[in-house]
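A short worksheet on the structure shown next.
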Amino acid sequence: MTLHSRFPEKTAGATRRTVAASAVLATATLLAGGGRAWARGADEVTVRLPEPTGPHRVGTTMLHLIDPDRRDPWDGGSVREVMVSVYYPARSVRGCPPAPQMTPGAVEVFKAFDPVYLHPELPKRGVDWAATMTHSYTGAPARPVRRPVLLYTPGGADPRTVGTGLAEELASHGNVVVTVDHPGEPGAVEFPDGRVRTFALTGDPREGPTFRTLIGTRLADLRFVLNQLSALAAGHNPDAHARPLPEDLGRALDPRRVGVYGHSAGGATASQALYEDRRIRAEVNLEGYLDHPPDAPGRDGELLPVARYGVNRPLLLFGTDGYHDARFERSWSAMLAHPGGRTRRRWIDDAQHWVFTDYAAMAPQFQSAGLMTAADRNKLVGAIDPAEAVPGVRDRVRSFFSRHLSPR
């Protein structure tokens with residue numbers, strides 16, 4: 001059964017709109033928690049992420065995880081390495097520095113890669129990407145209370161860091177959120193030893209063989225990360241360098257209450273992970289196809305097993321009105337058609353594909369600063385006001401996991 005929730009609510013006949021620069025600046029200021037939403041330095045603009053709204057301050061740490069039993073398909077068969085960020089309710093943040101959104105090495109590659117090759121709508125100059133800070137505090141001690149664990153897998157070629165705002169929001173409301181990079185796909189993944197892994201796909205991900213490898217690798221990454229989190233909850237330190245962990249971090253994880261969410265290719269991965277891994281109790285697919293690319297123009301691609309056979313655990317398909325084609329509708333309709341299933345669908349009006357990422361708040365700030373045109377802003381995230389888009393996405397995802405990952 002397809003349920004259409006018209007979010008945000010609008011009157012009948014409402015059309016796409018372009019938000020005036022003055023309105024964008026006002027709403028971005030609101031999202032930033034007061035003061036200017038962006039600040040101009042000598043040559044570059046700094047943008048801010050929206051503050052989390054929950055009752056908990058947020059701590060964060062990074063883990064470097066190495067899977068000795070798996071080869072990396074994008075790196076000549078070397079051992080598979082994964083970087084994750086963990087966001088969690090903190091007991092105290094006193095004396096702990098706020099974390100930057102991106103590490104310095106990753107920033108240098110990001111600004112040369114993403115605006116040029118991945119998201120041409122982004123400003124190619126004029127942004128101080130390294131200056132954007134999170135609302136999370138590095139190494140803060142965790143509250144020693146078992147919390148639901150939520151894994152996040154980003155869109156294809158996107159770094160985990162563009163999902164920071166939603167991760168912080170979920171952590172501030174009492175979840176432990178683990179954002180996962182899949183090295184070889186993003187423009188840059190920086191490891192603790194200073195190495196920066198860059199984009200290394202060996203084929204076009206829009207074609208079958210590469211896409212299958214990509215999804216298979218991501219699924220194995222999520223299984224491995226979940227195994228390492230279980231070890232962490234049991235009192236072990238899974239970091240490859242045995243770096244000290246924040247106090248009580250392991251005691252904050254509840255491996256019996258696991259959810260996963262993902263955007264685009266990450267949405268496809270998250271849905272299939274729900275199907276394959278019984279440890280995962282609920283999943284949110286943020287606009288990811290549920291099939292393989294077709295072998296030839298005019299043909300249908302093979303459905304992923306989750307769409308072909310269905311799943312008996314809660315799954316939310318969350319999309320936009322601006323990102324639809326026949327292939328997309330076919331794969332989501334197949335998912336919804338299974339009798340007795342627990343899949344539901346929602347979407348956002350006046351929005352585009354990357355409204356589920358930090359660009360929902362950033363793009364209007366770029367537009368206000370004169371670094372992005374209205375057309376490029378609308379192409380990236382849609383015309384929806386960030387004061388509607390950001391809390392709307394947050395509320396929907398948060399309430400879904402709160403409903404389905406409550407203690408049994």
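Small disclaimer: the values here were computed from a predicted structure and weren't measured.
A salt bridge links Asp239 with Arg243: at least one charged nitrogen is closer than 4.0 Å to a carboxylate oxygen. With salt bridges taken as basic N to acidic carboxylate O contacts below 4.0 Å, none links Arg197 and Glu81. Between Arg313 and Glu283 there is no salt bridge, since none of the side-chain N atoms of the basic residue sits less than 4.0 Å from a carboxylate O of the acidic one.
With hydrogens and angles disregarded, a donor-acceptor distance shorter than 3.5 Å links the side chain of His135 to the backbone of Leu49. Remark: the backbone N or O of Ala351 is paired with a side-chain donor or acceptor of Asp321 at under 3.5 angstrom. Although no hydrogens or angles enter the test, the distance criterion places a donor-acceptor pair under 3.5 Å between the side chain of Thr357 and the main chain of Trp354. With hydrogens and angles ignored, the 3.5 Å screen pairs no side-chain donor or acceptor of Tyr137 with any backbone N or O of Ser92. Proximity of a side-chain donor or acceptor of Thr132 to a complementary backbone N or O of Val47 within less than 3.5 Å is detected. Within the 3.5 Å criterion, the main-chain N or O of Gly310 finds a donor-acceptor partner in the side chain of His338. Formation of a donor-acceptor pair under 3.5 Å by the Asp254 side chain with backbone atoms of Arg256 is found in this model.
In this structure, Arg403 places its CZ atom where more than 12 heavy-atom neighbours from other residues, nucleotides or ligands lie under 6.0 Å away. Residue Arg143 places its CZ atom among more than 12 non-hydrogen atoms of other residues, nucleotides or ligands, all under 6.0 Å distant. Environment of CG in Asp277: crowded, with over 12 heavy atoms of neighbouring residues, nucleotides or ligands closer than 6.0 Å.
Side-chain contact between Pro50 and Glu168: absent, with no pair of heavy atoms (C-beta onward) separated by less than 4.5 Å. No side-chain heavy atom of Gln367 sits under 4.5 Å from any side-chain heavy atom of Asn378. Put simply, the side chain of Thr210 does not reach to within 4.5 Å of the side chain of Asp204, judged on heavy atoms. Under the 4.5 Å side-chain criterion, counting only non-hydrogen atoms from C-beta, Ser271 is in contact with Leu290. Between Phe401 and Leu150 there is a side-chain heavy-atom pair separated by less than 4.5 Å. Annotation: side chain of Asp67 is not in contact with side chain of Leu65 (no heavy-atom distance under 4.5 Å). At least one side-chain heavy atom of Val149 sits less than 4.5 Å from a side-chain heavy atom of Leu151. Inter-residue side-chain proximity for Ser331 and Leu303 is flagged as met; some heavy-atom pair is nearer than 4.5 Å.
Atom CD1 of Ile384 and atom CZ of Arg377 lie 9.5 Å apart (nearest 0.5 Å). The OG1 atom of Thr60 lies 9.5 Å from the CG atom of Leu249; values are rounded to the nearest 0.5 Å. Distance check: Asp181 CG to His64 NE2 gives 11.5 Å after rounding to the nearest 0.5 Å. Annotation: the span from Leu315 atom CG to His404 atom NE2 amounts to 10.0 Å, rounded to 0.5 Å. Expressed to the nearest 0.5 Å, how far CG of Asn175 lies from CG of Leu170 amounts to 5.5 Å. Atom CZ of Arg281 sits about 11.5 Å away from atom CG of Leu274, to the nearest 0.5 Å.
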Contacts under 3.5 angstrom, residues 258-268 side chains, donor-acceptor by atom type, not counting sequence neighbours:
unit_1: His263; atom_1: NE2; unit_2: His353; atom_2: O; d: 2.8
unit_1: Ser264; atom_1: OG; unit_2: His353; atom_2: NE2; d: 2.9

Validation: residues 214-222 side-chain donor-acceptor distances under 3.5 Å, sequence neighbours left out:
unit_1: Thr217; atom_1: OG1; unit_2: Thr213; atom_2: O; d: 2.7
unit_1: Arg218; atom_1: NE; unit_2: Glu185; atom_2: OE1; d: 3.3
unit_1: Arg218; atom_1: NE; unit_2: Glu185; atom_2: OE2; d: 2.9
unit_1: Arg218; atom_1: NH1; unit_2: Thr153; atom_2: OG1; d: 2.8
unit_1: Arg218; atom_1: NH1; unit_2: Pro154; atom_2: O; d: 2.8
unit_1: Arg218; atom_1: NH2; unit_2: Pro154; atom_2: O; d: 3.1
unit_1: Arg218; atom_1: NH2; unit_2: Gly155; atom_2: O; d: 3.4
unit_1: Arg218; atom_1: NH2; unit_2: Glu185; atom_2: OE1; d: 2.9
unit_1: Asp221; atom_1: OD1; unit_2: Arg70; atom_2: NH1; d: 3.0
unit_1: Asp221; atom_1: OD1; unit_2: Arg70; atom_2: NH2; d: 2.9
unit_1: Asp221; atom_1: OD1; unit_2: Arg80; atom_2: NE; d: 3.1
unit_1: Asp221; atom_1: OD2; unit_2: Arg80; atom_2: NH2; d: 2.7
unit_1: Asp221; atom_1: OD2; unit_2: His182; atom_2: ND1; d: 2.8

For residues 97-108, run the donor-acceptor check on the side chains, cut-off 3.5 Å, and write out each pair with its distance to 0.1 Å, sequence neighbours left out.
unit_1: Gln101; atom_1: NE2; unit_2: Thr161; atom_2: O; d: 3.1
unit_1: Gln101; atom_1: NE2; unit_2: Asp358; atom_2: OD2; d: 3.0
unit_1: Thr103; atom_1: OG1; unit_2: Glu190; atom_2: OE1; d: 2.6
unit_1: Glu108; atom_1: OE2; unit_2: Lys111; atom_2: NZ; d: 3.4

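In the model, Gln352 has no side-chain atom that pairs as donor or acceptor with a side-chain atom of Thr320 under 3.5 Å. Counted by atom type alone, Thr53 and His173 present one or more donor-acceptor pairs between their side chains at under 3.5 Å.
Cation-pi contact between Arg327 and Tyr289: present, with separation from the ring centre below 6.0 Å and deviation from the ring axis of at most 45°.
Of all heavy-atom pairs spanning Arg344 and Gly341, the tightest one is NH1-O, 3.8 Å. Here the closest non-hydrogen pair linking Gly54 and Ser172 is N-OG, 2.9 Å. Taking each heavy atom of Val393 and Val355 in turn, the nearest pair found is CG2-O, 4.3 Å. For Ser399 against Arg396, the heavy-atom pair with the smallest separation is OG-O, 3.1 Å. Smallest separation of non-hydrogen atoms from Pro89 and Ala171: CG-O, 3.5 Å.
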One pair to check against side-chain contact (heavy atoms from CB on, under 4.5 Å): Val79 and Ile66. What are the steps and the verdict? CA-CA 7 Å; Val79 69; Ile66 298 178; 3.9 Å; yes
Start with the C-alpha distance between Phe224 and Asp69, add both sets of side-chain angles, then the distance that settles side-chain contact (heavy atoms from CB on, under 4.5 Å), and finish with yes or no. CA-CA 10 Å; Phe224 171 64; Asp69 299 322; over 6 Å; no
side-chain contact (heavy atoms from CB on, under 4.5 Å) for Leu316 and Val397? Distances and angles first, verdict last. CA-CA 9 Å; Leu316 175 63; Val397 175; 5.7 Å; no
Run the side-chain contact (heavy atoms from CB on, under 4.5 Å) check on Phe366 and Glu121 step by step: do they pass? CA-CA 10 Å; Phe366 294 145; Glu121 302 85 8; over 6 Å; no
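Of the candidates Phe110, Tyr359, Phe113, His119 forms a ring pair (Phe, Tyr, Trp, His ring centres under 6.0 Å) with just one, namely Tyr359. Checking each of Tyr323, Trp332, Trp347, Phe356 against Phe318 for a ring pair (Phe, Tyr, Trp, His ring centres under 6.0 Å) leaves exactly one that passes, namely Phe356.
The salt bridge (charged side-chain N to carboxylate O under 4.0 Å, His left out) test applied to Arg71 returns no partner, not counting sequence neighbours. Evaluation of the salt bridge (charged side-chain N to carboxylate O under 4.0 Å, His left out) rule for Arg91 yields Glu247, Asp248 as partners, not counting sequence neighbours. The side-chain hydrogen bond (donor to acceptor under 3.5 Å, both in side chains) check on Asp114 picks up nothing, with sequence neighbours excluded.
Below 30°, between 30° and 60°, or above 60°: for Tyr309 and Tyr275 the angle between ring planes is below 30°, a parallel geometry.
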